[in-house]
Amino acid sequence: MHLILFNPRAQRAHRRLPLSMLHLARGIPAEVDGQPIRWEILDANVEPLAKERAERAIAADPAGTVLFLTVMPGPQLLQAVPWCRHLKALWPALRIVWGGYFPTVHAGTCLADPMVDAVVLGQGEATVAELIPALARGLDPTGIAGVQTRGGVGPSRKLSPSFRFGEAPFSALDMERYAARTFLGRRTFNHHSSVGCPYTCNFCAVTNLFEGRWLADPAESVVETVGLLHRRYGADAIEFHDNNFFAAERRCVEVARGIAPMGLRWWGEGRIDTMLGWRDESWSELARSGLAMVFYGAESADQESLDAMNKGGLQVHETVELNRLARAHGIVPEFSFVLGGSVDPERDVRLTLELIGRLKEENPACEIILYMYTPVPLPGMYDEAVARGFRFPETLDGWLQPPWSAYEQRRNAVTPWHDPALVRAVYDFEAVLHARWPSVSDRNLRPWQRRVLRLLSEPRWRSGQTRAPFELKALQKLWRYRRPEQMGF
Ligand code: B12
C-alpha cells in the first residue's frame, strides 16, 4: 500500500516543517501482513507541483493508495474540497482520509461529502497505527478508536505525549527547503513539544480537541530535538508551535539551560498569568537562552469579556504588568486580542484599543495582533450565538462560500452581534497602529519605508483619529506589509 501524506498550501506559501504530517508519520507501521507500507509527505507549501506528483502516484495504483490530508479552515479547505472531489471522480477506488483540527471539530460535515472516506479525530499517531492495517486489508475502519466514518464513531482515543512516538522522520523531507529566514534567524525551524493545553478558553479550537488536557514532552527530549535541528540541519532559530509552550516553569527553565549553548533565538506561545508568577531567575534564564519573543493571548481589556471567554481567571491588569516584566528582561511580548465578544462588543473594542495605546507607550517593542471573535462549538459565547440564530454550514460547499471561506481566519466576524462599522473601526485602528509601529516580524520593509509610515501615521496615532486611513492602507498594500495575524496562528 502507498500512503500520500498531503499538506495543502496555506494562505501564503508557509515554509515551516509540516509537523502534522511529519509527526503523524511516526504512527505508520513498516509493514502489514508482510507487505511493506510505502509513504511520502507531499507539501504544497514548498513544492508547487505537489498535487501533480500526488496524482501521478495515485494513477499508478488507485486502489492501493490512500490519501491522507491535513485540513485547516480557510485556504487549505478551499483547495482540499475541489481537489479531493476531482480525485474521487477520476479514481473511485482511491481512499481519502482527512484529519487535523477542522475535520475533528466538523467531522459530520466532512463526512456528509462522499469523497471523504474517514476522518481521524484529534491526535493521529496511535490511530493510524490501527487504521492503516485495516485499510491495507480492505476492511471497513468503522469502530476503530479515534476514527469516524459514515458508519459511526469509534471510541475516543487516549492521548499520549508526543515523544513516546519517537523522533520525527526529518530525513523524509528535503530539510533545506524548510530553513526559513525570519526575524528570528536565517535558518528558522519549528517544533511542537506538547499535546493540548491545560486551559479551556471557549473561543479556541484547542479546547474542542483536548478539553484541558496537556501532555508535555520532557525537557531532555525537547533539547535533544532542538539539538538535532541545530547540529544536523543548521537551525539558528526555533519557533515552538505548541499551543502553550510555557505552561510549566521547570520544564521551560530546563529547556532554556539545555539549548543556551546552541546560541539560538527562539519563540513560543504562553499565558500572561502563568509567566507573571515565575521567578525572576527563570525569566533571566529564558532571556539568556535566546528567547526573543513570546505570543500571549491577552484577548481583551474588558474584564467581563475575559470572564465570558473562560480565560482561566486572567485579569486585565496582568497584561499591563507582564508587558513591563517582559520589557525588563528584553523579551518581546506579542499580545493577541480577540475582539467583539458577546458581552458588550463596543465597550470591549473601546477599552481594548485604549489598552493597546498604553501597552505601546510603556513598551514600544511589544507586538499587537488583532482578531475578531469567531465562534467554535464550546459552551459559553457559542451557545449565545446559536440562541441568536448563528449556524455553521452543514456542508463543505457551505464552507466554501463567503463569509465562511475566510471565517476561521478570524478576520471577518460573522457573529449575530456583528456590527460592520465596529469591525471597520478595528481594522482602521489596526492600519494606523501597524504604520506607527510596524511589526519586527516583517522583513520586507526597509528602514526608510518604516520611517515614512511612522511619520505619516504619527498625527493620527497621537490624536486618536484613526478613521479611514486610506493613505496608510495603500502604502501597506504597495509595500506588501506582512501582517502577523495573517501569517500567524
Ligand atoms: C503551524 C500552524 C499554522 C501554519 C501552517 C501549518 C501547515 N499545515 O502548514 C500557518 C501559519 C500557515 C497557519 C495558519 C492558520 N491557522 Co494554524 N496553526 C498552526 C499551529 C500553531 C500548529 C499546527 C501544528 O503543526 N501542530 C503540530 C501537529 C503535530 O499537531 P496537529 O496539527 O494537531 O496534528 C496532529 C493531529 O491533529 C492529527 N492530524 C493532523 N492532520 C491530520 C491528517 C490526517 C489524515 C490524520 C490521519 C491525522 C491528522 O495527527 C497529528 C499528529 O498527532 C496550530 C495550533 C497547534 N499548536 O497545533 C494552529 C491551528 C491549527 N491553526 C488554526 C487556524 C484557525 C489557522 C488560520 C485559519 C487562522 C489563523 N489566523 O491562524 C490560518 C490560515 C491557514 C490556512 N488555511 O491557510 C487553528 C485551527 C482551528 C480550527 N477550528 O480548525 C489552530 C488550532 C490554532 C488555534 N488555536 O485556533 N497555522
Side-chain angles (χ1 to χ4, degrees), residues 182-185 188 190-194 197-199 214 216-223 225-227 230 235-299 306 311-337 355-356 358-369 437 439-441 484 488-489:
T182 66
F183 79 99
L184 286 172
T188 310
N190 49 317
H191 180 48
H192 201 280
S193 72
S194 59
C197 172
Y199 291 86
W214 184 69
D217 292 349
E220 315 84 81
S221 145
V222 183
V223 174
T225 305
V226 172
H230 175 61
D236 65 359
I238 297 288
E239 289 173 356
F240 286 103
H241 284 178
D242 301 49
N243 298 306
N244 191 344
F245 182 82
F246 298 92
E249 183 174 1
R250 222 175 89 196
R251 183 181 96 115
C252 287
V253 171
E254 285 171 11
V255 169
R257 278 192 199 131
I259 66 176
M262 302 175 203
L264 307 160
R265 271 161 52 86
W266 59 288
W267 174 100
E269 295 192 28
R271 267 185 73 102
I272 289 169
D273 45 3
T274 309
M275 290 185 72
L276 205 51
W278 287 11
R279 291 169 311 139
D280 220 48
E281 304 92 86
S282 302
W283 275 86
S284 305
E285 198 109 41
L286 291 173
R288 270 200 300 277
S289 73
L291 177 60
M293 190 188 279
V294 179
F295 177 104
Y296 297 103
E299 323 307 2
L306 276 183
K311 195 58 205 183
L314 177 68
Q315 302 295 305
V316 176
H317 65 85
E318 291 176 316
T319 300
V320 177
E321 287 160 31
L322 190 284
N323 192 36
R324 293 185 195 138
L325 181 62
R327 182 189 168 157
H329 286 278
I331 298 172
V332 174
E334 186 179 22
F335 294 115
S336 156
F337 292 89
L355 175 71
I356 290 171
R358 178 167 175 202
L359 294 172
K360 272 293 184 190
E361 240 167 64
E362 295 191 358
N363 180 8
C366 75
E367 294 268 327
I368 306 292
I369 295 186
W437 316 94
S439 168
V440 284
S441 63
F489 312 119

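- In terms of heavy atoms, Cys252 sits closest to Leu286 at O-CD2, 4.0 Å.
- The CG atom of Asn243 sits 7.0 Å away from atom CD of Glu269, with the distance rounded to the nearest 0.5 Å.
- Contact record, Asn244 with Gly270: OD1-CA, 3.9 Å, taken as the closest heavy-atom pair.
- Side chains of Tyr296 and Val294 form a contact here, defined as non-hydrogen atoms less than 4.5 Å apart.
- In this structure, the separation between CG on Leu325 and CD1 on Ile272 is 11.5 Å, given to the nearest 0.5 Å.
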Test log, rule side-chain contact (heavy atoms from CB on, under 4.5 Å), inputs Met262 and Val226: CA-CA 9 Å; Met262 302 175 203; Val226 172; 3.9 Å; yes

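- Here the closest non-hydrogen pair linking Ser193 and Phe245 is OG-CE1, 3.4 Å.
- Residue pairs meeting the salt bridge (charged side-chain N to carboxylate O under 4.0 Å, His left out) criterion with at least one member in residues 242-256, sequence neighbours excluded, are Asp242-Arg251, Glu249-Arg279, Arg250-Glu254.
- Cation-pi contact between Arg271 and Phe246: absent, since separation from the ring centre below 6.0 Å together with deviation from the ring axis within 45° is not met.
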Set out, in order, the CA-CA distance, both residues' side-chain angles and the distance that settles side-chain contact (heavy atoms from CB on, under 4.5 Å) for Thr188 and Glu239, then state yes or no. CA-CA 7 Å; Thr188 310; Glu239 289 173 356; 3.9 Å; yes

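- Rounding to the nearest 0.5 Å places CG of Leu306 at 7.0 Å from OG1 of Thr319.
- For the pair His241/His191, no side-chain contact is recorded, criterion being any heavy-atom separation below 4.5 Å from C-beta on.
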Derivation of the side-chain contact (heavy atoms from CB on, under 4.5 Å) call for Glu367 and Val440: CA-CA 8 Å; Glu367 294 268 327; Val440 284; 3.3 Å; yes

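- A ring pair (Phe, Tyr, Trp, His ring centres under 6.0 Å) with Phe240 is found for exactly one of Trp267, Trp266, Phe295, namely Trp266.
- Among residue pairs with one or both ends in residues 311-331, those qualifying as salt bridge (charged side-chain N to carboxylate O under 4.0 Å, His left out) are Glu299-Lys311, Arg324-Glu362; sequence neighbours excluded.
- Here the closest non-hydrogen pair linking Ser194 and Ala216 is CB-CA, 3.8 Å.
- Separating the CG atom in Leu276 from the NE2 atom in His317 is a distance of 8.5 Å, to the nearest 0.5 Å.
- With no hydrogens or angles considered, a side-chain donor-acceptor pair links His329 and Asp280 at under 3.5 Å.
- Between Ala237 and Leu264, the shortest heavy-atom distance links the atoms N-CD2, 3.9 Å.
- Taking 4.5 Å as the limit, some side-chain heavy atom of Val320 sits within range of a side-chain heavy atom of Arg358.
- Heavy atoms only, all atoms of each residue included: Ala365 and Val332 are closest at O-CG1, 3.3 Å.
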Check step by step if side-chain contact (heavy atoms from CB on, under 4.5 Å) holds for Lys360 and Cys366. CA-CA 6 Å; Lys360 272 293 184 190; Cys366 75; 4.2 Å; yes

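- A donor-acceptor pair is defined here as one N or O able to donate and one able to accept, closer than 3.5 Å; such a pair exists between the side chain of Asn323 and the backbone of Leu359.
- A 4.5 Å side-chain heavy-atom check between Phe335 and Leu322 finds at least one atom pair inside the cut-off.
- With hydrogens and angles disregarded, a donor-acceptor distance shorter than 3.5 Å links the side chain of Trp283 to the backbone of Met275.
- Note that CG of Leu314 is 5.0 Å distant from CG of Asp273, once rounded to the nearest 0.5 Å.
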